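Quick notes on the structure that follows.
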Amino acid sequence: MEHGNAPHVVVLGSPGMGHFIPMVVFAGGLARDLALSVTLIAHTGDPPSAAEQSLLRSLPDAVDVVLFPQLPAEDFPAGTKIEDRMFRTVMSSLSRLRSLLGTLAPLAALVVDPFCLDAIPVAAELGVASYIFFTSSCMSLSLAFHLHELDASFQGEYRDLPEPVRLPGCVPVHGKDLVEPIQDRGNPVYATFLRIAERYLEAEGVLVNSFEALEPGAIKALREGSSHPPVYPVGPLIRAGSIDSGEGHECLRWLDEQPVGSVVYVSFGSGGALTRAQLYELAMGLEASRQRFLWVAKRPHEHDASATFFGVESDDDDPGSFLPEGFLERTKALGLVVPRWAPQVAVLGHSATGGFVTHCGWNSTLEGLVHGVPLIAWPLYAEQKMNAVLLAEDVKVALRLEADEDGLARGEEIARAIVCLIEGEEGKRLRRRARELSDAAARALERGGSSCMVMLDVAAEWKAQRNTQ
Ligand SMILES: O=c1ccn([C@@H]2O[C@H](COP(=O)(O)OP(=O)(O)O[C@H]3O[C@H](CO)[C@@H](O)[C@H](O)[C@H]3O)[C@@H](O)[C@H]2O)c(=O)[nH]1
């Protein structure tokens, strides 16, 4: 493609839908809203999944797409953490990236996601400035900036820390709720996180998918901090309803038949999986709540809460084959179960949706808030426990579930939380808060809004960069 006079930016994303989606949205926005010429390099399945292909088709013509393959599961020993697979997939692409960047010069910037930070020295060799598009909260970014300090301050596992961790401007967070891959210092991924924490300092700036009204304290502290690159909150960037419209999907037709604000939507993102025992309790809780529900159900997994992160391995996803006997029949008047994947943005934007049981993946979180939907926080892995703390204790837009000593959330507890969210006073308060945030999110992105202005400033830097080349 001819890139003309527009500054050319390369956007590099890591594997998994939770990263693919925001990087595609970000790349599309650079071309559409800022008239930049963009090459998006994405790590996808080979071939890309139907969901990946459909999102790529939504990109404007000014975005060139290059697909790098993600490393197959067989290349890793059983039990390898997803984060390790992501970092290693990106490492395996670096020589191809080097050649490609060489052919694309002159470049105004390379923008990488948090699992692609090893590309920063490659860009530096070619004289290209690197930026990070951080696909989670400012609170998680702050943890990355303070990881070395934390590592030096305590020898044991973080779950044994006697006092909560106080990241600047953030709600205190217990050590056990810090990101999951740093919970075991003996796992090789811990050392990788420490190594990568240093790479953040090599970037020219960090764009974050968050916004002022959502994380004012953390953003202020990051803005004032001088030991790291400048931080630019540019969110919330999510797919437009027109892109994830789900046209004709049975769950949208079903939602059309339900009263306004009556349905709780249950989904654990692209990767989340429950154990068989937990899946049973969730089914019992939904049934006992007697509330309407739409549940994206996936086959249970006993040992890996992120079992479907790199795609679903089995085609056998009929919920009837793994849900409790008789559940579908008994609940058919109140609920709908869809296998594996739903058009989530359309579901959250539907007037019948009144609550969201979520694993607190950052994209799901933003999608819920943009549509003014209050949350029940059910974190599973990655940085989701930190997000849950932020949403329940700081932003106050989510209910938490109490688990028993085995870590299982019982059916009665799940039913209690759902009834409280859809019918209770607490639910009303959370809904008001979610609507406030929805309005604030829209204001941040409109012309003159905080995120819009910040993005224009960064684009101006890139344009200036281009003019000095
Ligand atoms: O049935 C589904 C399920 C998911 N999605 C979409 O898939 C994305 C999932 O992203 P997210 O909610 O962030 O969850 P994960 O896929 O788990 O994302 C990974 O990446 C995120 C961003 O870094 C992290 O916050 C998470 O913890 C990490 O697991 C969202 O856009 C969803 O709308 C659908 O459209 N339909």
Side-chain angles (χ1 to χ4, degrees), residues 13-26 43 49-52 54-55 58 81-83 85-86 112-116 132-141 143-144 177-181 207-210 235-241 243-246 249 251-252 265-273 294-298 304-312 317 319 336-350 353 356-371 373 375 377-388 390-391:
S14 60
M17 285 306 272
H19 291 261
F20 178 78
I21 291 174
M23 294 313 272
V24 174
V25 172
F26 176 70
H43 287 87
S49 67
E52 286 169 334
S54 136
L55 192 52
S58 73
K81 291 206 170 285
I82 49 167
E83 292 83 2
R85 277 179 68 176
M86 292 165 82
V112 298
D113 97 2
F115 288 90
C116 297
I132 299 164
F133 178 52
F134 195 78
T135 50
S136 189
S137 67
C138 288
M139 182 169 168
S140 292
L141 176 63
L143 176 65
D177 292 325
L178 295 175
V179 297
E180 197 267 344
L207 295 85
V208 196
N209 201 2
S210 189
L237 301 181
I238 65 165
R239 287 165 295 169
I243 289 175
D244 190 35
S245 72
H249 197 287
C251 73
L252 299 177
Y265 171 59
V266 185
S267 174
F268 300 97
S270 63
L294 171 59
W295 180 9
V296 187
K298 284 187 281 182
D304 184 3
S306 59
T308 57
F309 191 89
F310 294 102
V312 182
D317 55 10
L336 181 71
V337 177
V338 299
R340 204 194 284 189
W341 194 260
Q344 181 161 304
V345 173
V347 168
L348 289 167
H350 197 288
T353 303
F356 183 11
V357 176
T358 172
H359 72 315
C360 303
W362 194 244
N363 302 292
S364 292
T365 298
L366 294 177
E367 288 160 6
L369 298 183
V370 162
H371 292 101
V373 179
L375 314 171
W378 188 326
L380 295 175
Y381 61 96
E383 88 303 13
Q384 295 153 16
K385 288 186 182 158
M386 275 180 85
N387 296 345
L390 169 71
L391 296 166

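Ligands are counted one by one from 1 in listed order, and the atoms in each one are counted from 1 as well. It should be emphasised that the depicted structure is a prediction, and the values quoted were computed from it without experimental measurement. Side-chain atoms are counted along with the backbone in the values below, which use heavy atoms only and exclude waters and symmetry mates.
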Under a 4.0 Å heavy-atom limit, does [X] contact ligand 1 with its side chain, its backbone, both, or neither?
{"X": "Ser364", "result": "both"}
{"X": "Ile21", "result": "side chain"}
{"X": "Val296", "result": "side chain"}

Counting heavy atoms only, which of [options] comes nearest to [atom]?
{"atom": "atom 6 (C) of ligand 1", "options": "Met17, Arg239, Lys385", "result": "Arg239"}
{"atom": "atom 1 (O) of ligand 1", "options": "Ser267, Ser270, Pro379, Ala342", "result": "Ala342"}
{"atom": "atom 27 (O) of ligand 1", "options": "Met86, His19, Glu383", "result": "Glu383"}
{"atom": "atom 4 (C) of ligand 1", "options": "Trp341, Tyr381, Trp362", "result": "Trp341"}

Taking only heavy atoms of [X], which atoms of ligand 1 are found under 4.0 Å from at least one of them?
{"X": "Asn363", "result": "10 (O), 11 (P), 12 (O), 13 (O), 21 (C), 22 (C), 30 (C), 31 (O)"}
{"X": "Glu367", "result": "30 (C), 31 (O), 32 (C), 33 (O)"}
{"X": "Phe309", "result": "19 (C), 29 (O)"}
{"X": "Ala382", "result": "27 (O)"}

Q. Quick check: does Gln384 get an N/O under 3.5 Å from an N/O on ligand 1?
A. yes

Q) Looking only at N/O atoms, are Ser136 and ligand 1 under 3.5 Å apart anywhere? A)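 No, no N or O pair falls under 3.5 Å.
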
Q) Is Gly16 in contact with ligand 1, taking contact as a heavy-atom separation below 4.0 Å? A) no

Heavy atom of the protein closest to [atom] (residue, atom name, distance):
{"atom": "atom 23 (O) of ligand 1", "value": "Thr135 OG1, 3.0 Å"}
{"atom": "atom 17 (O) of ligand 1", "value": "His359 NE2, 2.9 Å"}
{"atom": "atom 18 (O) of ligand 1", "value": "Gly18 CA, 3.3 Å"}

Would you call [X] and [Y] a side-chain contact if the rule is heavy atoms closer than 4.5 Å?
{"X": "Ser245", "Y": "Pro343", "value": "no"}
{"X": "Thr358", "Y": "Tyr265", "value": "no"}
{"X": "Thr353", "Y": "His371", "value": "no"}

Q: Not counting sequence neighbours, which residues clear side chain to side chain donor-acceptor pair (under 3.5 Å) with Asp177? List them please.
A: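 Once residues adjacent in sequence are excluded, Asp177 has no partner under the side chain to side chain donor-acceptor pair (under 3.5 Å) criterion.
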
(Q) I'd like to check the side chain to side chain donor-acceptor pair (under 3.5 Å) partners of Asp113; sequence neighbours left out, ordered by chain and number. (A) Ser14, His19

Q. So, for Asn209 and Gly235, which heavy atoms are closest and what is the spacing to 0.1 Å?
A.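 Residues Asn209 and Gly235, closest heavy atoms: OD1-CA, 3.4 Å.
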
Q) How close do Ile82 and Ser306 get, heavy atom to heavy atom, and via which atoms? A) CG2-OG, 3.7 Å

(Q) Using modelled atom types and a 3.5 Å cut-off, is there a donor and acceptor pairing between side-chain atoms of Lys385 and backbone atoms of Glu180? (A) no

Q.
Closer than 3.5 angstrom, by distance alone: can the side chain of Asn387 be matched with the main-chain N or O of Cys360 as a donor-acceptor pair?
A.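 Yes: the side chain of Asn387 pairs with the backbone of Cys360.
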
Q) Considering the options Trp341, Phe356, Trp295, which one meets the side-chain contact (heavy atoms from CB on, under 4.5 Å) requirement together with Ser267? A)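 Result: among Trp341, Phe356, Trp295, Phe356 is the only option passing the side-chain contact (heavy atoms from CB on, under 4.5 Å) with Ser267.
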
Q. What distance do Leu141 atom CG and Thr135 atom OG1 have between them, rounded to the nearest 0.5 Å?
A. 10.5 Å

